[in-house]
Amino acid sequence: GGRNAGFCATHVEGGGINDPTKGLTKYWTSEVALPISKLVYNTTISGSTPKPGDFWRINFSRVEWAVKAVNGRYWKEPSCQSCPVPGTPTEDNWVWSKQGVIDMHYPERWGF
């Protein structure tokens, strides 16, 4: 229990996240542990654990804005590359399981 019950770690290769003065970030990764007790809290299966044959839906989303560096800071310069019309002045939305809409509030469309 407690606030540190889960686990999260991030690794950055080269540069610095959100800091253009530290050079270009080659890539970053993140690992997250999701405790079952927290996932079932306040649900109809509260206190239960998954059983063989159970299926749960999940999805992961990343919103990415195109930016440019100005005087050592990043500024949004929207230019969507994943949109039906590339260059549209909006953000890119990346998801693990394609939903058919740009809206994470449809859990029935999440993957298994």
Side-chain angles (χ1 to χ4, degrees):
R3 124 184 179 159
N4 294 320
F7 167 81
C8 181
T10 301
H11 172 76
V12 177
E13 184 66 34
I17 291 180
N18 297 330
D19 187 349
T21 65
K22 293 186 177 179
L24 185 63
T25 300
K26 292 170 69 177
Y27 68 87
W28 60 269
T29 61
S30 185
E31 297 178 37
V32 179
L34 305 170
I36 295 292
S37 63
K38 301 297 183 190
L39 294 174
V40 300
Y41 177 75
N42 206 25
T43 68
T44 58
I45 58 172
S46 185
S48 181
T49 57
K51 295 172 186 51
D54 286 352
F55 288 92
W56 289 18
R57 290 181 179 267
I58 193 166
N59 209 349
F60 301 95
S61 172
R62 175 181 178 186
V63 176
E64 181 177 1
W65 289 90
V67 296
K68 65 179 180 176
V70 178
N71 297 324
R73 297 188 63 171
Y74 284 120
W75 293 93
K76 289 182 184 176
E77 189 171 78
S79 178
C80 182
Q81 298 306 302
S82 63
C83 294
V85 178
T88 301
T90 187
E91 75 281 3
D92 284 283
N93 288 273
W94 311 99
V95 292
W96 168 74
S97 179
K98 188 175 179 180
Q99 299 180 165
V101 295
I102 301 175
D103 189 340
M104 285 298 289
H105 302 279
Y106 286 93
E108 65 275 12
R109 294 183 177 210
W110 297 353
F112 287 101

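For this chain, numbers begin at 1 and follow the sequence in order.
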ask   = Nearest heavy-atom pair of Y74 and D19: which atoms, and what distance?
value =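 Looks like CE1-N, 3.7 Å.
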
task = Please report the closest heavy-atom contact between A69 and P20, naming both atoms and the distance.
result =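 Shortest heavy-atom contact: CB-CB, 3.8 Å.
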
Rounded to the nearest 0.5 Å, what's the gap from [atom1] on [X] to [atom2] on [Y]? Could you check?
X    : Y   : atom1 : atom2 : value
N93  : E64 : CG    : CD    : 10.0 Å
E91  : C83 : CD    : SG    : 7.5 Å
I102 : D92 : CD1   : CG    : 9.0 Å
W56  : I36 : CH2   : CD1   : 4.5 Å

task = Please tell me if the side chains of V95 and S61 come closer than 4.5 Å, counting only heavy atoms from C-beta onward.
result =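 Yes. Closest side-chain heavy atoms under 4.5 Å.
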
ask   = Under the side chain to side chain contact (heavy atoms under 4.5 Å, CB included) test, which residues partner A66, sequence neighbours left out?
value =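 If we apply the side chain to side chain contact (heavy atoms under 4.5 Å, CB included) test to A66, skipping adjacent residues, the hits are S79.
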
inquiry  = Can you confirm whether N71 is buried at CG, in the sense that more than 12 heavy atoms of other residues, nucleotides or ligands lie under 6.0 Å from that atom?
reply    =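 Count not over threshold, so no.
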
inquiry  = Looking at R73, I want to see if its CZ is surrounded by more than 12 non-hydrogen atoms of other residues, nucleotides or ligands under 6.0 Å.
reply    =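 No, not enclosed.
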
ask   = If Ile, Leu, Val, Met, Phe, Trp and Tyr residues are connected whenever their side-chain heavy atoms lie under 4.5 Å apart, and connections chain through other members, are I58 and V32 in the same group?
value =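 Same hydrophobic cluster.
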
Side-chain polar contacts of residues 104-112 - donor-acceptor pairs under 3.5 angstrom, sequence neighbours left out - could you list them?
residue	atom	partner	partner atom	Å
R109	NH1	Q99	O	3.1
W110	NE1	Q99	OE1	3.2
W110	NE1	M104	O	3.4

